[in-house]
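Okay, structure first, notes after.
Chain naming here is simple, since letters A, B, ... match the order of the sequence lines and numbering starts at 1 in each.
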Protein chains: 4
Amino acid sequence: MNGAPDRKNSDKYRAIIEAAIEVFAEHGYHNARVVKIARAAGVAEGTVYLYFRNKEDLLVSAFREKMETFTGEVAGRLAEPGGAAEKLRRLVDMHLAGLGADFTLALFFQIHLRQPEEAVHDGIAGPLARYARLIEGVVEEGMASGEFLPGLNKKLVRQMIFGAIDEVVSNWVHARGKYSLPGQAGAVSAFLLRGLAGTR
Amino acid sequence: MNGAPDRKNSDKYRAIIEAAIEVFAEHGYHNARVVKIARAAGVAEGTVYLYFRNKEDLLVSAFREKMETFTGEVAGRLAEPGGAAEKLRRLVDMHLAGLGADFTLALFFQIHLRQPEEAVHDGIAGPLARYARLIEGVVEEGMASGEFLPGLNKKLVRQMIFGAIDEVVSNWVHARGKYSLPGQAGAVSAFLLRGLAGTR
Amino acid sequence: MNGAPDRKNSDKYRAIIEAAIEVFAEHGYHNARVVKIARAAGVAEGTVYLYFRNKEDLLVSAFREKMETFTGEVAGRLAEPGGAAEKLRRLVDMHLAGLGADFTLALFFQIHLRQPEEAVHDGIAGPLARYARLIEGVVEEGMASGEFLPGLNKKLVRQMIFGAIDEVVSNWVHARGKYSLPGQAGAVSAFLLRGLAGTR
Amino acid sequence: MNGAPDRKNSDKYRAIIEAAIEVFAEHGYHNARVVKIARAAGVAEGTVYLYFRNKEDLLVSAFREKMETFTGEVAGRLAEPGGAAEKLRRLVDMHLAGLGADFTLALFFQIHLRQPEEAVHDGIAGPLARYARLIEGVVEEGMASGEFLPGLNKKLVRQMIFGAIDEVVSNWVHARGKYSLPGQAGAVSAFLLRGLAGTR
DNA sequence: GATGAATGAGTTTTCATTCAT
DNA sequence: CATGAATGAAAACTCATTCAT
C-alpha cells in the first residue's frame with residue numbers, strides 16, 4: 001500500500017512496526033510520539049514517513065501485520081482434523097498462548113488499539129472480521145455435527161466467545177502479566193463449551 | 001457541609017457532565033474539545049474548571065457518575081429475592097436495557113472510555129471493580145446454592161461474563177444501534193447460564 | 001470575517017496587522033515566522049489565531065486593510081473638481097507620496113506580496129481591482145472630455161499606467177529609498193500624460 | 001576546458017532547467033518540489049545537485065539562461081539599422097512576442113520569480129540590468145537624434161517603459177493567456193512613443 | 001556520473017488551562 | 001461564581017540536501 005511493493009519486506013519496515021508496537025503499548029496511540037518510534041527503530045523521523053503515510057497508517061499497519069499472521073496460524077490449525085469442541089479449544093489455546101507469550105503485543109492489542117478515529121476503525125475492521133469468521137465457522141461446524149446446541153445465534157455467540165476471551169486477556173494485561181495466561185485456557189474453553197453444548 | 005458536595009448537585013455540574021458524555025461519545029476523548037463541552041453545557045470554558053480539575057477529571061467524573069448510578073440500581077435489584085440464575089438474568093437484562101436505551105451513553109462506555117492515561121484508569125477502576133464484585137457475588141451465590149457448578153474460578157468467570165456482555169454491547173454500538181439490544185438478553189443469559197451450570 | 005464583528009477595531013488586531021507588515025516586509029511571506037509577528041505585536045503566538053484564520057489570512061488582511069484605506073483616499077481626491085489630467089497627477093502624487101512616506105509599507109507592497117498561493121491572489125484581487133477601476137475612470141473621463149486621445153484601450157492603458165508607476169516604486173525600494181520618491185511624481189505624470197494626450 | 005562549461009551544455013543540464021521552469025511556473029518557487037523537477041527532467045533527485053548548488057541556484061540559473069538568450073536576441077535586433085522609435089517598437093514586439101509564445105515561460109517570469117531571498121535577487125539583478133541598459137540605450141539614442149524629447153530622465157523613463165510592458169504581460173498571464181499578447185504591441189509602442197516624443 | 005533512500009531541522013497551528021475582570 | 005480572551009507548549013509532517021552504493 002505504501003511506496004514500492006517490496007518495501008514491506010525491508011528490514012526498516014519491520015523495525016518500525018516493532019518499534020511502533022512497543023511505543024504504542026507503552027504510551028497509547030495519542031501519547032506515542034513518532035520521533036520516539038523512529039528512535040526505537042533506529043531510523044530518523046522522516047524515514048517513518050517513507051514507509052507509512054502517517055501515524056494512523058502506522059497503527060493500522062502494525063495491527064494488520066500482527067493480526068493477519070495470527071489469524072493465518074489459527075486458520076491453519078483449525079483446518080486440521082478434529083471436532084468443533086476440539087477446534088474451539090485450539091483457538092482459545094492459541095489466543096491465550098499467542099498473547100500470553102508477548103506482553104507488549106497483548107498490551108498493544110488490548111488497551112491501546114481502540115481508537116475512535118474513523119480510519120483506524122476501518123483499517124482494523126477487516127482483520128478482525130476474518131478472525132470473527134473463524135470463530136463463527138467453528139460454531140457452525142459444531143451445530144452441524146450436533147456437538148453444539150442447535151439454533152444458536154451464530155453471530156451473537158461469536159461475540160460472546162470473543163468478548164469472554166478478550167476480557168480474560170485484558171485482565172491479565174491489567175495485572176501486568178503477573179500470572180500465566182495460557183494457564184487459564186482450560187477453564188475458559190470449558191466455560192465456553194458448556195455455553196455452546198450445555199452438557200457438563 | 002462544605003462546598004464540594006453542593007457543587008456536585010448544582011445544575012451546572014450536571015449539565016457539564018451530560019454535555020461531556022455527548023461530546024466524548026461523538027469525538028472520543030482526545031478529539032473532544034473542552035470548549036465544545038462548555039458550549040453544549042451552556043457555560044463558559046472557564047466554568048468547566050470551576051467544577052472539574054481538568055479534562056481527565058471530567059472524563060472520570062462522568063464515568064463514575066453514570067457507573068455508580070447503574071451499579072447502585074443493579075445492586076438494588078440483586079438484593080431482591082431470587083436464585084442466582086434469576087439474578088444473573090436480571091443483571092444481563094439491566095446491562096443491556098440500560099445501555100440499549102441510551103445510545104450515546106453506550107458509545108461513551110464502549111468505545112471511548114478506554115484510555116491509557118494512568119489517571120483515567122485509576123479513576124475508573126473503582127466503579128468498575130464494584131460492578132465486578134456484584135457479578136462475582138452472583139457467581140458465589142450460585143456455587144453455594146448448587147445452582148452453578150462447584151469449583152468455578154470466580155474471578156475468571158466474572159471476567160468472561162462481563163467480557164461476553166460487553167462485547168455484545170460493543171457490537172451493537174458498532175452497528176450504530178440498528179437492532180434491539182435488550183432483545184439479545186435472553187440468548188446472552190442462556191449462554192452464560194449454561195456456561196455456569198452446564199445444564200441445557 | 002474573523003470572530004466577532006468588532007474584533008477588527010481592537011487594539012490587538014491593529015497591532016498584529018502592523019507587526020505583520022513589518023515582518024513580511026523584512027523577510028517576505030514564506031520566511032516570515034508567525035512567532036516573530038506575534039512578538040513584534042506584543043502578543044502570544046496563539047493570539048494571532050484569535051484574530052486571523054491563518055498566516056495567509058494575515059497577509060491578505062494586512063494588504064486589504066492598507067489598500068482599502070489608500071484607495072478610499074484616492075477616490076476622495078479624485079471626486080474633487082478638476083480635469084482628467086489634473087486628476088491623473090493627483091493619483092500619481094498620492095501613489096508616490098503614500099509609499100514614499102512609508103518605506104516598510106512600500107517594501108511590503110512591492111516585493112513580498114506577489115505570492116502564487118491561490119487564496120492570496122484571490123484575497124488581493126478585489127482591492128487591486130478597485131484601484132484599477134479608479135485609474136480607468138480617469139482615462140475614460142479624459143477621453144470623454146477630449147483631454148486624452150480618443151480610441152484608447154482603457155484597460156490596456158490602465159495597465160501601462162499602473163505598471164509604470166509600480167515599477168518606479170519598485171526601483172526606489174530596491175535602491176533602499178535612497179532618493180525622494182515623491183520627487184519623481186512630476187516626470188512620471190508628464191510621461192504618462194504625453195502617452196495619453198500626445199501633446200508635448 | 002574544465003568541467004563547468006561542458007556541464008552547462010549537457011542534455012541533463014538543459015532538461016533540468018526546462019523542468020524547473022515548468023514546475024516553478026506551476027507551483028511557484030516555494031511550493032515547487034525538487035523531486036518533482038527531477039522527475040519532470042527524467043533524472044534522480046541527487047542528479048539535480050550535480051548540476052546546481054541548490055534550489056535557489058536552480059531558480060537563478062533558469063532565469064539567467066532564458067533572460068540572457070532573450071537579451072542577446074533583442075540586442076542583435078537593436079544593432080540593426082533604424083531610428084530609436086523603430087527600435088523601441090522592435091523591443092516591445094520582441095518582449096510581447098517572446099513571452100506571448102510561451103505561456104509557461106511568461107508565468108515563470110511574471111508571477112513566480114520575485115522572491116525576497118537575497119541570493120535570488122542578486123543572481124537575477126545582472127541579467128535584468130543588461131536588459132535595462134538596452135532600453136536606456138534606445139532612449140539615449142532617441143534623445144540624441146531628436147526623435148525623443150530632450151532632457152528625459154533616462155533611468156526613470158526606462159523604469160516606466162519596462163514597468164508598462166511588464167504589467168501588460170502580467171495581466172495577460174493572469175488572464176491565463178486568453179487573448180493575443182503580441183496583438184497588444186502596437187498600442188503599447190504607440191503609448192510609450194507618445195510619452196517619449198510627445199507628438200501624436 | 002547517477003541514484004534514491006535516508007536524514008532531521010524547522011514551522012504552523014491547536015487547544016487545555018489560566019486569570020483579570 | 002462566571003466569563004472568555006489570552007497564553008504558549010507541544011508535535012506531526014515536509015522536503016532540501018547528502019552520501020553510500
Can you tell me the distance, in whole Å, between the [atom1] atom of [X] and the [atom2] atom of [N]?
X     : N      : atom1 : atom2 : answer
A/R39 : F/dA11 : CZ    : P     : 12 Å
D/H27 : F/dC15 : NE2   : P     : 11 Å
A/L59 : F/dA12 : CG    : C1'   : 15 Å
D/I37 : E/dG4  : CD1   : C1'   : 17 Å
D/I16 : E/dA2  : CD1   : C1'   : 11 Å
D/Y13 : E/dG1  : OH    : C1'   : 17 Å
A/K36 : F/dA10 : NZ    : C1'   : 16 Å

| query | Using the C1' atoms of the five pairs at each end, what is the angle between the end axes of the helix from E/dA2-F/dT21 to E/dT21-F/dA2, to 10°? | reply | 10°

| Salt bridge present between A/E117 and A/K55 (N-O < 4.0 angstrom) |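 Salt bridge: no.
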
| query | When you check the gap from the basic side-chain N to the acidic O, do D/E45 and D/R39 get nearer than 4.0 Å? | reply | no

Can you tell if the side chain of [X] reaches within under 4.5 Å of the side chain of [Y], non-hydrogen atoms only?
X      : Y      : value
B/L59  : B/F108 : yes
D/S61  : D/Y51  : no
D/F109 : D/V173 : no

| query | Which distance, rounded to the nearest 0.5 Å, do you find between the CG of D/L107 and the CZ of D/R176? | reply |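 Those atoms lie 6.0 Å apart.
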
| field | Distance in Å, C/F103 CZ paired with C/Q110 CD, rounded so as to fall on 0.5 Å steps | value |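 If we round to the nearest 0.5 Å, C/F103:CZ and C/Q110:CD are 10.0 Å apart.
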
| field | Parallel, tilted or perpendicular: ring planes of A/Y13 versus A/F52, cut at 30 and 60 degrees | value | parallel

| query | Using the ring of each side chain (for Trp, its six-membered ring), is C/H30 parallel, tilted or perpendicular to D/H30, with breaks at 30° and 60°? | reply |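 Ring orientation, 0 to 90° scale: parallel.
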
| note | Reading nucleotides 13-21 of chain E from 5' to 3' and marking B where a protein heavy atom lies under 4.0 Å of the base, S where only the sugar-phosphate is that close, and - otherwise, the string is BBSSBB---

| said: Quick check for you: among E/dA5, E/dT3, E/dG8, whose closest atom lies nearest to any side-chain atom of D/V43? | reply: E/dT3

| Phosphate-side-chain proximity, A/Y51 and E/dA5, N/O vs OP1/OP2 below 4.0 Å |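 No, no such contact exists.
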
| query | Phosphate oxygens OP1/OP2 of F/dA6: is one of them under 4.0 Å from a side-chain N or O of C/K12? | reply |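 Yes, because at least one side-chain N or O of C/K12 sits under 4.0 Å from OP1 or OP2 of F/dA6.
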
